[in-house]
Amino acid sequence: MSGEKYIPKSKLAQWFDSRLPLLTLSHHLTEYPTPKNLNYWWTFGGILTIFLITQIVTGIVLAMHYVPHVDHAFESVEHIMRDVNYGWLIRYAHANGASMFFLAVYIHIFRGLFYGSYKSPREMIWITGLIIYLLMMATAFMGYVLPWGQMSFWAATVITNLFSAIPLFGENVTEWLWGGFSVDNPTLIRFYSLHYLFPFLIFGLVVLHIWALHVPGNNNPVGIDVKKNGNETMPFHPYMVMKDLTALLVFLIIYLWFVFFAPNVLGHPDNYIEANPLVTPPHIVPEWYLLPFYAILRAIPSKLGGVIFMFASIFILMALPWLDTSKVRSSVFRPIYRKFFWVLVVVVILLGYLGAKPPEGIYLILARIATAYYFIHFLVLLPILGRYEKTDPLPMSISDPVLNKQDLMDKFKKTVTQYEGDDVDSFK
Amino acid sequence: MLILLNRIILTIFISAVSFSASSEEMNTNYLKTDWSFKGIFGTFDRASLQRGYQVYQEVCSGCHSVQHLSYRNLSEKGGPEFSVEEAKAIAAQFEVEDGPNSDGEMFMRPGRLSDTFVKPYPNVEASTAANGGAYPPDMSVLTKARKGGANYIYSLLLGYEEAPTGFELDEGVYYNKYMPGNKIKMTAPLSDGLVEYSDGTPSTRAQMAKDVTAFLVWVAEPHLESQHRMGFKSIIYLIILFILVYMSKQKVWSRFDSKKEPEEETFDKVERAVTEYEGEDPKTFK
């Protein structure tokens, strides 16, 4: 916990560590000071790391049996489900693992929004996190194409067609992505290749994300800086490791419930129909975790506009540390922002619901209102709030809740009594 | 600006009007029956699966393939569990194309356990042509490929009715309560007493529909039983592990909590707080 330089005990270890400081790294990781008031919303970083590893491991095994070819992909997935030992378990773990990965990442992102974890000095943690999120979406989308079911094929068609909205060279970009003149075998093979590559890019970015975290240290529910060597922090191991593990087990129980008892509820039945370029499904919908963006895409009446707004809805988050000008991090002390935060949560969930509905009638109107609100929240409300919101008084340290004067007097008297003897009145 | 506003209002108006024109209706009020495979401990009823295989073989297999199923699956654990001899006998009833032999000729031979189920048509085009332009879907994963799953298939099999008056039906199209759009190209496949069950179960329409649907659920999910078994075990294991880990975590954290804040620090802190509340001069504090 102390800031002193770590020196290994044995001579051999010293020799090794001075050449390759792995021991110093491991010492840093175990002793890394974490604020003692972190709540369970802070355990999702650990959960996400475990899920990334789960996805990579199950994915590598699936890749040993999968065949990336339009004539064999669907069949090879059935081969995995039926003939490969525990293939059904590996595939269901991978497919539902993706859903759980996104569930966890959404909680992780909204936790950051609520407690202001993106604010100075943690902007780079936030931005690397958003790049990870973008890569996750690309990876998940390409993975969804691989089973080559109806939804795979048509989702690929819809999404790749978005690029044709780019003026001048849009058509060329789309054909370049396809490797031909429609979604076909070359598309499937390159998606497979990239689906294998991206998780390792994500892994690298996770290392940067954690590195950026370890420079300023964790934010905390109170949102004020902690003293690194007081009693306000506890070493990562064993305290946070145990807490993360506790939360991870609860999350795993939910995950395994899906894997074993409802492995297909999060997917679309049409994806068990082999891809057929001649038959369009009545409703083309992406996986649930991409629905809010799909709603934004369809809420804008022009194709190019929809694409721009959809990408803007993510990139706007990159500017968040500068859009939110309030100096107070945690919304515990921001009474008005706190209300708008919950409105935003509801709006995003509403957008997700609308993304699954056909873009017509009341659904379309609501999607437009929700899309407008989403952008107003970041572009208008946050800058105004930062300026005019009257925040609640911040506590002195994370150990103290905000004390009122009477509590302060009592605490003061008690301390003084210990120092000065029982006669409090003598102290002046 | 005004033009833009006008446009927005117009768009909202048009969208509101078009709301009434909703997408094709679908009867999702499916017939219910007690499936033995539902729930955490769900297992298949062997006799029902064997009867279901019989219904598939005698009624469905003329048009519908199950191309991802192998004959050996019939004798595997968790399925209909025919004996290996029975499964071999079933496979041998079918002619499978093999080859080329040493003369370079393709030849027909009796099916083996390792073969996948023989398809009624060589390809989708042939089956479409033979069935009036509608392709009878492969049934390997059919119960997973339809909204409503087993209940939908069961209801569809029993959902044939006289079309209500005024409902237009083309030649070779039938009315079905549960089909999206109510039009189906398949004739009512089941009628009472259509197959003769060897175990003496009366072959009513409802019984056959139930048996063949159960069979199709197994075909789509041949490892369902081991999936349920393993799921139950792993979740119980995780719950116990969670309790132990939670208690250890409490124990570990109590070590830290017992470390009290040094008194001096409290004193400093209170003094600082007081200063902030009362101004720079601590003497005014009472």
Side-chain angles (χ1 to χ4, degrees), chain A residues 36 75 78-79 81-83 86-89 92 149-150 230-231 234 238-239 242-243 245-246 249-250 252-253 256-257 259-261 263-264 267 269-274 276 282-283 301 358 360-365 368 395-397 399-400 403 405 408-409 411-412 414-416 418-419 428, chain B residues 11-12 15-24 40 67-70 73 137-138 140-142 144-147 149 180 220-223 227-228 230-232 234-235 238-239 241-242 245-246 248-249 252-253 256 259-263 265-267 269-274 276-277 283 285-286:
Chain A
K36 65 180 180 184
E75 192 188 338
E78 278 310 310
H79 162 69
M81 291 296 290
R82 289 157 195 274
D83 304 332
Y86 296 102
W88 57 269
L89 174 62
Y92 279 158
Q150 271 290 66
N231 73 330
M234 42 194 3
Y239 297 101
M242 287 309 290
K243 192 164 183 164
L245 196 59
T246 310
L249 285 170
V250 175
L252 281 183
I253 290 171
L256 289 191
W257 188 85
V259 169
F260 290 111
F261 299 115
N264 294 311
D270 278 11
N271 226 27
Y272 278 107
I273 303 171
E274 193 167 359
N276 184 348
H283 302 298
E360 55 193 24
I362 188 75
Y363 299 127
L364 188 61
I365 301 171
R368 286 182 180 160
M396 300 268 94
S397 77
S399 313
D400 295 324
L403 294 172
K405 206 172 155 190
L408 260 180
M409 284 284 279
K411 192 166 185 184
F412 188 53
K414 227 168 81 194
T415 321
V416 168
Q418 277 171 338
Y419 275 81
K428 263 273 156 72
Chain B
T11 320
I12 291 174
S15 332
V17 170
S18 65
F19 176 50
S20 50
S22 65
S23 53
E24 66 177 14
I40 297 175
Q67 56 182 342
H68 298 301
L69 195 70
S70 304
N73 295 137
D138 180 76
S140 309
V141 283
L142 194 67
K144 291 199 281 187
R146 294 293 181 275
K147 226 175 151 221
E221 207 76 90
H223 299 290
Q227 188 181 314
H228 285 171
M230 189 191 276
F232 179 72
S234 25
I235 286 178
L238 279 185
I239 290 173
L241 186 63
F242 164 73
V245 166
Y246 179 72
S248 328
K249 180 246 162 196
V252 167
W253 276 60
F256 186 84
K259 258 199 281 170
K260 276 259 166 60
E261 182 175 24
E263 274 162 19
E265 232 173 73
T266 316
F267 191 82
K269 215 182 277 175
V270 172
E271 202 173 55
R272 252 189 297 126
V274 168
E276 198 152 290
Y277 273 81
K283 279 188 190 137
F285 178 73
K286 249 266 160 80

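The sequence lines fix the lettering, A, B, ..., with proteins before strands; numbering per chain opens at 1.
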Distance, nearest 0.5 Å, that separates CH2 of A:Trp257 from CD1 of B:Ile40
8.0 Å

Is it the backbone or the side chain of B:Ile239 that comes under 4.5 Å from a heavy atom of chain A, or both, or neither?
both

Do you know which two heavy atoms are closest between A:Phe260 and B:Gly231, and how far apart they sit?
CG-CA, 3.2 Å

Point-to-point distance, once rounded to the nearest 0.5 Å, from NE2 of B:His223 to OH of A:Tyr92
10.0 Å

Hey, mind stepping through B:Arg146 and A:Ile273 against side chain to side chain contact (heavy atoms under 4.5 Å, CB included) and telling me if it holds?
CA-CA 9 Å; B:Arg146 294 293 181 275; A:Ile273 303 171; 3.6 Å; yes

I would like to know whether A:Met234 and B:Val252 meet side chain to side chain contact (heavy atoms under 4.5 Å, CB included); could you show each step before the answer?
CA-CA 11 Å; A:Met234 42 194 3; B:Val252 167; over 6 Å; no

What are the two closest heavy atoms between A:Lys36 and B:Trp253, and how far apart are they?
O-CZ3, 3.8 Å

Answer yes or no: are there more than 12 heavy-atom neighbours, outside A:Phe261 itself, under 6.0 Å from its atom CZ?
yes

Under 4.5 Å, counting heavy-atom pairs only, tell me which of B:Lys144, B:Gln67, B:Glu221 racks up the most with chain A.
B:Lys144

Between B:Phe256 and A:Tyr239, how do the two ring planes meet: parallel, tilted or perpendicular, split at 30° and 60°?
perpendicular

Side chain / backbone / both / neither for A:Leu256 at chain B, heavy atoms under 4.5 Å:
both

Can you name the side-chain contact (heavy atoms from CB on, under 4.5 Å) partners of B:Val245, sequence neighbours left out?
A:Met242, A:Leu245, A:Thr246, A:Leu249, B:Leu241

All heavy atoms of A:Arg82 vs all of B:His68, minimum pair found to be CD-O, 3.4 Å

B:Ser70 portion near chain A, given a 4.5 angstrom heavy-atom threshold:
neither

What's the shortest heavy-atom distance between A:Val250 and B:Phe242, and which atoms?
CG2-CE1, 3.4 Å

Test side chain to side chain donor-acceptor pair (under 3.5 Å) applied to A:Glu274 - qualifying residues, sequence neighbours left out:
none

For A:Val259 and B:Gln227, work out which heavy atoms get closest and say how close.
O-NE2, 4.0 Å

Between A:Glu75 and chain B, with a heavy-atom cut-off of 4.5 Å, which part of the residue counts as in contact: side chain, backbone, both or neither?
both

